[in-house]
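Note sheet for the following structure.
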Amino acid sequence: MSIKGALYNMGGWSQLFFFFFLTFTGYILAALIVIMCFHIIGIDKSPMGIRVTMLIQSVCLFLIPALFFSYLSQEKGKKYLSTDAKPNFQILILSIALIFTIQPFISFVSYYNQQLVLPESLSAIESWMRSTEQSAYKTFDTLFVDKSIAGLIFNILIIAIMAGIAEEIFFRGCLQQIIQKTVGNLHLAVWITAIIFSIVHFQFYGFVPRVLLGALLGYLFVWSRSIWVPIVVHIVNNGIGVISAYLYYGTERYKELSDFDLGKDVWLLLFTLILSGLMINLIFKKYRKSIESTY
């Protein structure tokens with residue numbers, strides 16, 4: 001008896017708990033493989049060692065659970081994930097242009113998110129948040145001080161391409177659809193998924209911009225009706241970060257890109273916000289037009 005599509009008639013909450021079970025299983029698998037790599041194969045905390053660890057996490061924690069869940073959820077897993085849906089070319093191009101245009105706003109939100117100071121009563125939590133942030137900085141510092149062409153290629157493959165594919169299939173392809181089935185509200189599903197997407201990264205001083213990015217990717221998935229649009233946009237967004245780090249990491253220019261000056265950059269912020277709003281509106285109109293044409 002085939003298990004393909006076995007979860008199709010399962011309720012939303014049941015699917016959600018089962019999906020988290022698969023994710024936890026993937027986490028255990030990733031941890032075991034990483035431990036084996038460190039102690040048996042001899043992978044260390046070098047740039048290549050970190051890249052291998054990130055690759056294992058992307059595949060085991062995100063990609064495998066999502067693909068297995070889609071296999072169990074519908075007779076045609078590709079249809080469930082919308083990997084068989086050819087993206088609208090105009091929406092795809094607009095979405096790529098949008099992620100470039102919206103970068104100043106993301107930098108603005110990120111800068112002020114980093115200024116977060118919790119009340120004294122929550123000092124223990126703030127200390128933990130800062131320690132996880134410092135740990136992430138150390139990881140990226142190890143990766144980005146490698147200025148070789150090979151290092152750049154590997155960073156693009158792991159941080160941009162692999163992460164973009166695995167995370168979008170997991171969060172937008174599966175989790176967002178499961179939550180929508182559970183709560184019965186599209187917008188709530190998009191934002192809950194975006195919040196979980198940000199929490200999972202354990203970088204709380206980048207929490208808000210990552211929530212906004214996750215919500216944008218969620219709506220692009222809905223409006224394009226194809227997982228490939230958020231995948232491409234996620235890859236481009238991460239690729240911008242990787243290439244910027246390759247060119248400027250460790251220089252004053254990189255610090256300038258990270259430190260948003262509201263007084264100096266306010267007009268750029270306003271211009272890109274207006275332009276981004278127009279692009280989002282245009283993408284939404286094309287989505288509505290495609291919906292109307294199917295009826």
Side-chain angles (χ1 to χ4, degrees), residues 54 95 98-144 159-160 163-164 167-168 170-172 175-176 187-220 230 233-245 248-277 279-280:
M54 294 175 72
S95 300
L98 173 62
I99 201 62
F100 278 100
T101 306
I102 209 169
Q103 290 299 315
F105 175 67
I106 296 296
S107 296
F108 165 74
V109 176
S110 180
Y111 175 75
Y112 285 98
N113 190 169
Q114 290 170 22
Q115 313 309 310
L116 174 69
V117 177
L118 297 181
E120 186 66 29
S121 58
L122 299 175
S123 59
I125 295 175
E126 182 175 356
S127 177
W128 173 73
M129 289 166 58
R130 291 196 180 278
S131 67
T132 59
E133 198 75 12
Q134 286 300 318
S135 177
Y137 282 146
K138 287 179 182 178
T139 297
F140 287 113
D141 185 67
T142 304
L143 292 175
F144 294 147
I159 299 173
E167 291 180 16
E168 288 312 304
F170 181 92
F171 288 102
R172 258 56 67 175
L175 185 58
Q176 182 170 303
H187 301 290
L188 200 54
V190 167
W191 285 98
I192 290 173
T193 304
I195 290 169
I196 296 172
F197 170 71
S198 190
I199 290 172
V200 164
H201 284 80
F202 286 100
Q203 289 176 267
F204 299 101
Y205 290 92
F207 178 80
V208 177
R210 195 169 283 108
V211 169
L212 296 176
L213 176 63
L216 176 61
L217 292 168
Y219 281 115
L220 289 177
V233 171
H234 196 146
I235 290 171
V236 170
N237 179 73
N238 288 13
I240 291 170
V242 169
I243 293 171
S244 296
Y248 302 116
Y249 192 77
T251 68
E252 282 298 315
R253 178 59 178 159
Y254 192 78
K255 190 175 184 299
E256 289 173 8
L257 292 171
S258 303
D259 294 345
F260 190 90
D261 187 338
L262 185 58
K264 184 176 68 174
D265 300 324
V266 63
W267 293 112
L268 173 64
L269 176 64
L270 289 174
F271 174 73
T272 55
L273 271 177
I274 292 170
L275 190 56
S276 297
M279 287 181 176
I280 290 171

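The chain is numbered in sequence order, starting from 1. Quick caveat: nothing in here was measured; it's all calculated off a predicted structure.
Judged by distance alone, with hydrogens and angles left aside, the side-chain atoms of Thr272 form a donor-acceptor pair with the main-chain N or O of Leu268 at under 3.5 Å.
Considering all non-hydrogen atoms of both residues, Gly214 and Ala194 come closest at C-CB, 3.6 Å. When all heavy atoms of Pro209 and Asn113 are compared, the pair lying nearest together is CD-OD1, 3.3 Å.
Scored by the side chain to side chain donor-acceptor pair (under 3.5 Å) test, Asn237 finds Gln103 as partners (sequence neighbours excluded). Every side chain to side chain contact (heavy atoms under 4.5 Å, CB included) that Phe100 has, sequence neighbours left out, goes to Ile96, Val236, Ile240. Residues satisfying the side chain to side chain contact (heavy atoms under 4.5 Å, CB included) criterion with Ile196, sequence neighbours excluded, are Phe171, Leu175, Ile179, Ile192, Val200. Every residue two or more places apart in sequence or in another chain that forms a side chain to side chain contact (heavy atoms under 4.5 Å, CB included) with Ser198 is listed here: Phe207, Arg210, Val211. Under the rule for a side chain to side chain donor-acceptor pair (under 3.5 Å), the partners of Tyr249 that lie at least two apart in sequence or sit in another chain are Asp141.
Rounding to the nearest 0.5 angstrom, the gap separating the OH atom in Tyr219 from the CD1 atom in Ile280 is 10.5 Å. We find the CG-CD distance between Leu217 and Glu167 to be 9.5 Å, quoted to the nearest 0.5 Å. Here the CG-CD1 distance, from Asn238 to Ile99, works out to 9.0 Å after rounding to the nearest 0.5 Å.
Note on ring orientation: taking the six-membered ring where Trp is involved, the planes of His201 and Phe197 are perpendicular (angle over 60°, cut-offs 30° and 60°).
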